[in-house]
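Structure first, commentary second.
Quick note on labels: first sequence line is chain A, next is B, and so on, each numbered from 1. All of these numbers come straight from a predicted model, not from anything done at the bench. Computation of the quantities below employed the complete heavy-atom set of this structure, encompassing side-chain atoms and omitting hydrogens, waters and symmetry-equivalent molecules.
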Amino acid sequence: MTDKVVLIDGNSILYRAFFALPLLNNDKGVYTNAVYGFTTMLLKILEEEKPSHMLVAFDAGKTTFRHKTYTEYKGGRQKTPSELSEQFPLVKELLSAFQIKHYELDQYEADDIIGTLSKHAKSEDMKVKVISGDRDLLQLVQKDVEVALTKKGISNVETYTPSFLEEKLGIRPDQVIDMKALMGDPSDNIPGVPGVGEKTAVKLLQQYETLEGIYENLEQVSGKKLKEKLEQHKEDAFMSKELVTIQTATPVDISFKDITYTGYESRKVLELFKELGFHSLLNRIEGESGTEEQQEIFEDIKLTIVDNVTADLFTGKDAIMLEMLDDHYFYGNILGIAIVNEKGKFFIETNIALGSEIFKKWAEDEQQEKYLYDAKKTIVALKRQGVHLKGVVFDLFLTTYILNPAENNLDIPSISRRLNEKSMPYDEEIYGKGAKQKIPELDVLADHVVRKADIIYQLKDKVTEQLKENDQYELFEKLELPLSEILGEMEYYGVKVDKDRLLHMGEELKDRLKTLENEVFALAGEEFNLNSPKQLGQILFEKMNLPVIKKTKTGYSTSAEVLEQLQDKHEIMPKILLYRQLGKLQSTYIEGLLKVVDEKNNRIHTRFNQALTQTGRLSSTDPNLQNIPIRLEEGRKIRQAFVPSKEDWVIFAGDYSQIELRVLAHIAGDEKLIEAFNEDMDIHTKTAMDVFKVEAEEVTSNMRRQAKAVNFGIVYGISDYGLSQSLGITRKEAKMFIERYLDSFPGVRAYMEDIVQEAKQKGYVTTLMNRRRYLPDITSRNFNLRSFAERTAMNTPIQGSAADIIKKAMIDLAKRLDDEGMEAELLLQVHDELILEAPKNEIDKLKDVVLDVMENAVELAVPLKVDFSYGPTWFDAK
DNA sequence: ACTGGCACGC
DNA sequence: GACGTACGTGCCAGTG
């Protein structure tokens, strides 16, 4: 058996753990969060790697040989916070309890120690695994040397083998140094070549292999600016290379004999855990000997390509993966279908599956349980083919999102790497990307799709378990999963569009835009591209010499805010503003919508993304029907083009009135706010009365406007800066408004304070229905990051609970419409409103049903109020 | 193909 | 006291 040596970058892991975890302290008031994180990581490694040798390397002292090369090395870096530095001795204590050696070497960093030892190990034919949070270490990757980098948090790692590194970075391990030399590293104050980021560096290295190669062929490098930059910063680049190169010949004076790992004494470890207050880890020690996790990385899988679907293929507990390249499932082709169950792994070609009555019968049988990835997509895609999928009980896509909405790699290979520690190829590797995308040979395709289904099958129990642990299973089973079915129906049904109306409006706009454009050119004295902020900026601020109000990264700002401030300086302003407004309508809403009208039925089929937002809201794409204009009359007319799909039908809208503030009243339990809603007061007027300490009759429209902005700020979690911007007042004044608001509603103040504390302690906040949002930055020492996390902590339960409520209402409404045998159809959800279409003769009943369902979706300490309206177009439903 | 500026909704 | 400051989607210009 080959020996396996695990080398841990102690400093890096501790830093990661410190910043990833809330600042916990034990009962003695000693901070332990970093040690805790380090320990969980350590336990995981011991279980999984079963190392024969182990060492934790630390950085020594303040200066290293690198400072001789470059005195600015690691300059500008913030001092290690004392809350962290005091944890270093604890970790060393921990290591000695585990009987793991640690080591540091004067003048060298942990990297160098690890580099040197991994080289020694190589010559002794040992396998090496390096654990760090520092991407620099990737340069050590080679055959038999794997580097595991911490991802989010600490126990989540991504293991780089040479092939994985190449696939992920686009370069070979030996080119990592060159890449770093080009890119630089602000956190270590390594200069690199300015203007060269990851993309450019990779491109250059793919072409010229090494830094030296690039400079030898500098003449051929494309891009004038790039060439200049490279030339100017040649010295920096080479010095950077020297700095980032890990030394593999340091005078390390330990041998592998010294770092043999033979296990630890449970008693000692348990004692220390108790002392540190790591109660939750105690059982991990006792269970130590019993756990056996097999690792099957890139193991071949056995699958059958089915050419005749038979009933005994299915078990009633099957994972099904429907593969489709185009993420626009309304138009994409189904590439094939994989089924995995306890009997085996199967692949069925699309036409065989769809042509099979047995397949169809199974798919439509509610009793046959199915585990999916993205049920909505699958349901819609199959519905197009006349198959009505039923019996979905698990959706890996939705559940992964529920477990952590911040995770944005929700594709199956990524999920598998995170949760299952098994690798499978990414879609890009199988299908290619962009113009080069193509469908592979049947056996390759089958293998890929089956792997996905297999992962769904394998992870179903584990993920369900995690949901239950978090008390989130109900959120999945009772809310998100049934909702996905309803959303699928809405998408499939679509919204009817009056194309002629859009075309007509487009014609009109075209003329007005042309006229406006000419007027602007006349006033400017020349023609230019009015759609280019850059060119407009030059005209306004260079040619016309108007005062510069605000700059952007790349030049002058020409935003509406700026142009409005210049209104009285020049008559050109209103024309530009109007041009912008109309241009937006033309390009996004007229042309944009026309482009996505389904030729077959004149309907638009948006898609709702149910697994994207951090708060639990939905989003809508292709097109986005959640941002159709309403504020300005001109834009609002776009809504005239959204019409019922049948004659004598109407568009019906039901919208929650002030749902977020009502939710706030409920969660905060603020008596005054609750009373205001119980008495059905105008909430902005009420807020104005309290903030300005006046009677109802004395509230001026301006006071109400300001109060409204404050409420807006509360709902969306904006800062004093944000409020000052929206009201055009100073930050101080904005801050004062917020203070006065909180004085007026003490229950709200208490909530805001409590929720931040709770977030600090738990690391996350939750909504009414137990949706979570993790807030790692809540303990950050960076004021901005921390403030942002604090506002998020206050806001997410409000916005997220409102999202929960309307989702619940949608499920209830769909059921009710069905139960009552009504014809009305849900069309859209726009965060606090539901849009339906219905026959005229159903309006009275629909009104009762919608109001009843929406107002009673949940019971809060305040009533939920719903307004409704209807008319021949969406425009009229106001 | 990617980034930045801008603008629309909640 | 400053680092940038609700969440989304999509359009255009500009660059490579």
Side-chain angles (χ1 to χ4, degrees), chain A residues 78 195 197-200 203 221-226 405 433-435 528-537 550-563 576-577 580-593 595-596 606-609 612-632 634-636 638-639 655-656 658-660 712-726 731 773 777 780-792 794-796 798-800 802-803 806 828-833:
Chain A
Q78 277 208 330
E198 186 175 331
K199 296 255 180 302
T200 317
K203 210 186 81 200
V221 171
S222 60
K224 206 177 115 208
K225 278 213 175 123
L226 177 59
K433 71 166 180 176
F528 61 98
N529 185 345
L530 192 41
N531 284 318
S532 160
K534 190 176 162 189
Q535 294 183 33
L536 178 61
K550 202 171 125 192
K551 294 201 106 187
T552 66
K553 259 193 267 187
T554 51
Y556 313 107
S557 169
T558 65
S559 65
E561 190 199 330
V562 169
L563 300 185
I576 301 174
L577 283 164
R580 281 255 177 90
Q581 190 201 328
L582 300 184
K584 174 79 179 173
L585 292 179
Q586 181 79 305
S587 65
T588 304
Y589 297 106
I590 302 287
E591 291 167 5
L593 287 175
K595 254 185 269 180
V596 290
T606 185
R607 282 168 304 143
F608 292 101
N609 196 335
L612 185 134
T613 68
Q614 304 301 300
T615 54
R617 277 186 170 188
L618 301 174
S619 78
S620 153
T621 51
D622 292 316
N624 181 352
L625 292 185
Q626 290 182 322
N627 73 342
I628 302 300
I630 189 164
R631 254 184 47 248
L632 300 171
E634 198 89 46
R636 192 174 199 155
I638 298 284
R639 295 177 175 229
D655 68 289
Y656 280 112
Q658 303 296 349
I659 187 170
E660 281 97 351
F712 180 86
I714 298 292
V715 168
Y716 288 119
I718 63 173
S719 57
D720 49 7
Y721 173 84
L723 182 63
S724 74
Q725 290 295 299
S726 70
R731 206 166 145 166
R773 183 172 185 178
D777 290 339
S780 169
R781 264 138 300 271
N782 177 319
F783 175 82
N784 280 320
L785 289 179
R786 192 176 62 247
S787 308
F788 185 39
E790 287 171 358
R791 294 202 305 274
T792 308
M794 303 177 207
N795 161 254
T796 297
I798 302 173
Q799 203 185 112
I806 195 164
L828 300 170
Q829 186 249 50
V830 193
H831 308 309
D832 64 357
E833 63 175 328

Please figure out whether A:Asn782 or A:Asn795 has its closest DNA chain C nucleotide nearer the 5' end. A:Asn782
Closest nucleotide of DNA chain C for A:Arg731 versus for A:Arg773: which of these residues is on the 5' side?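 By nearest-heavy-atom nucleotide position, the 5'-most residue is A:Arg731.
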Report the C-alpha distance between A:Ile630 and A:Ile638 in whole Å, list the side-chain angles of each, state the deciding distance to 0.1 Å, and finish with yes or no for side-chain contact (heavy atoms from CB on, under 4.5 Å). CA-CA 9 Å; A:Ile630 189 164; A:Ile638 298 284; over 6 Å; no
With respect to the side chain of [X], which nucleotide from [options] is positioned closest?
{"X": "A:Ser532", "options": "B:dC8, C:dA13, C:dC3", "result": "C:dA13"}
{"X": "A:Ile630", "options": "B:dC10, B:dC6, C:dG8", "result": "B:dC10"}
{"X": "A:Phe783", "options": "C:dC11, C:dC3, C:dG8", "result": "C:dC3"}
{"X": "A:Asn784", "options": "C:dT9, C:dG4, C:dC12", "result": "C:dG4"}
{"X": "A:Leu612", "options": "C:dG8, C:dT5, B:dA7", "result": "C:dG8"}
{"X": "A:Arg639", "options": "B:dG9, C:dG8, C:dG14", "result": "B:dG9"}
{"X": "A:Lys584", "options": "B:dG9, C:dT5, B:dC8", "result": "B:dC8"}
{"X": "A:Ser719", "options": "C:dA6, B:dC8, C:dA13", "result": "C:dA6"}
{"X": "A:Lys534", "options": "C:dC12, C:dT15, C:dG8", "result": "C:dT15"}
{"X": "A:Ser587", "options": "B:dC8, C:dA6, C:dC12", "result": "C:dC12"}

Take atom [atom1] of [X] and atom [atom2] of [N], then tell me their distance rounded to the nearest Å.
{"X": "A:Arg636", "N": "B:dC8", "atom1": "CZ", "atom2": "P", "result": "15 Å"}
{"X": "A:Leu563", "N": "B:dC6", "atom1": "CG", "atom2": "P", "result": "9 Å"}
{"X": "A:Asn624", "N": "B:dC6", "atom1": "CG", "atom2": "P", "result": "21 Å"}
{"X": "A:Leu536", "N": "C:dG14", "atom1": "CG", "atom2": "P", "result": "11 Å"}
{"X": "A:Leu530", "N": "C:dC11", "atom1": "CG", "atom2": "C1'", "result": "15 Å"}
{"X": "A:Ile638", "N": "B:dA7", "atom1": "CD1", "atom2": "P", "result": "17 Å"}
{"X": "A:Phe528", "N": "C:dG14", "atom1": "CZ", "atom2": "P", "result": "12 Å"}
{"X": "A:Gln586", "N": "C:dG10", "atom1": "CD", "atom2": "P", "result": "18 Å"}

OP1 or OP2 of [N] less than 4.0 angstrom from a side-chain nitrogen or oxygen of [X], does that happen here?
{"X": "A:Arg617", "N": "B:dC10", "result": "no"}
{"X": "A:Ser619", "N": "C:dT9", "result": "yes"}
{"X": "A:Ser557", "N": "B:dC6", "result": "yes"}
{"X": "A:Thr552", "N": "B:dG5", "result": "yes"}

Among A:Arg617, A:His831, A:Glu660, A:Arg773, exactly one meets side chain to side chain donor-acceptor pair (under 3.5 Å) together with A:Gln799. Which residue is that? A:Arg617
What is the nucleic acid contact for [X], judged by heavy atoms within less than 4.0 Å: base, sugar-phosphate only, or nothing?
{"X": "A:Ile628", "value": "sugar-phosphate"}
{"X": "A:Ser787", "value": "nothing"}
{"X": "A:Gln725", "value": "nothing"}
{"X": "A:Phe788", "value": "sugar-phosphate"}
{"X": "A:Thr792", "value": "nothing"}
{"X": "A:Asn609", "value": "nothing"}
{"X": "A:Leu585", "value": "nothing"}
{"X": "A:Asp832", "value": "sugar-phosphate"}
{"X": "A:Gln535", "value": "sugar-phosphate"}

Interatomic spacing from [atom1] in [X] to [atom2] in [Y] - rounded to 0.5 Å:
{"X": "A:Leu723", "Y": "A:Ile714", "atom1": "CG", "atom2": "CD1", "answer": "8.5 Å"}
{"X": "A:Asn529", "Y": "A:Lys534", "atom1": "CG", "atom2": "NZ", "answer": "11.5 Å"}
{"X": "A:Ile798", "Y": "A:Ile659", "atom1": "CD1", "atom2": "CD1", "answer": "12.0 Å"}
{"X": "A:Asn784", "Y": "A:Ser719", "atom1": "CG", "atom2": "OG", "answer": "9.5 Å"}

Between B:dC8 and A:Asn627, counting only base atoms on the nucleotide and side-chain atoms on the residue, is there a donor-acceptor pair under 3.5 Å?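 By the distance-only test, yes, there is a pair.
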B:dC6 base / A:Arg580 side chain donor-acceptor hit below 3.5 Å: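 When only heavy-atom distances are counted, A:Arg580 does not reach the base of B:dC6 through any donor-acceptor pair under 3.5 Å.
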Give me the distance, rounded to whole Å, that separates [N] from [M] when you measure between the [atom1] atoms they each carry.
{"N": "B:dT3", "M": "C:dA6", "atom1": "C1'", "value": "23 Å"}
{"N": "C:dC7", "M": "C:dC3", "atom1": "C1'", "value": "22 Å"}
{"N": "C:dA2", "M": "B:dC8", "atom1": "P", "value": "31 Å"}

Say whether, by atom type as modelled, one donor and one acceptor occur between the side chain of A:Arg786 and the main chain of A:Ser780 under 3.5 angstrom.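 The answer is yes, because a donor-acceptor pair under 3.5 Å joins these two groups.
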Begin with the C-alpha distance, continue with both residues' side-chain angles, and end with the deciding distance and a verdict on side-chain contact (heavy atoms from CB on, under 4.5 Å) for A:Leu625 and A:Phe608. CA-CA 9 Å; A:Leu625 292 185; A:Phe608 292 101; over 6 Å; no
Is there a Watson-Crick or G-U wobble partner for C:dC3 with both distances under 3.5 Å, and if so, which one is it? none
Mind checking who C:dT9 pairs with, Watson-Crick or G-U wobble, both distances under 3.5 Å?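 For C:dT9, the partner nucleotide comes out as B:dA7, under the 3.5 Å rule.
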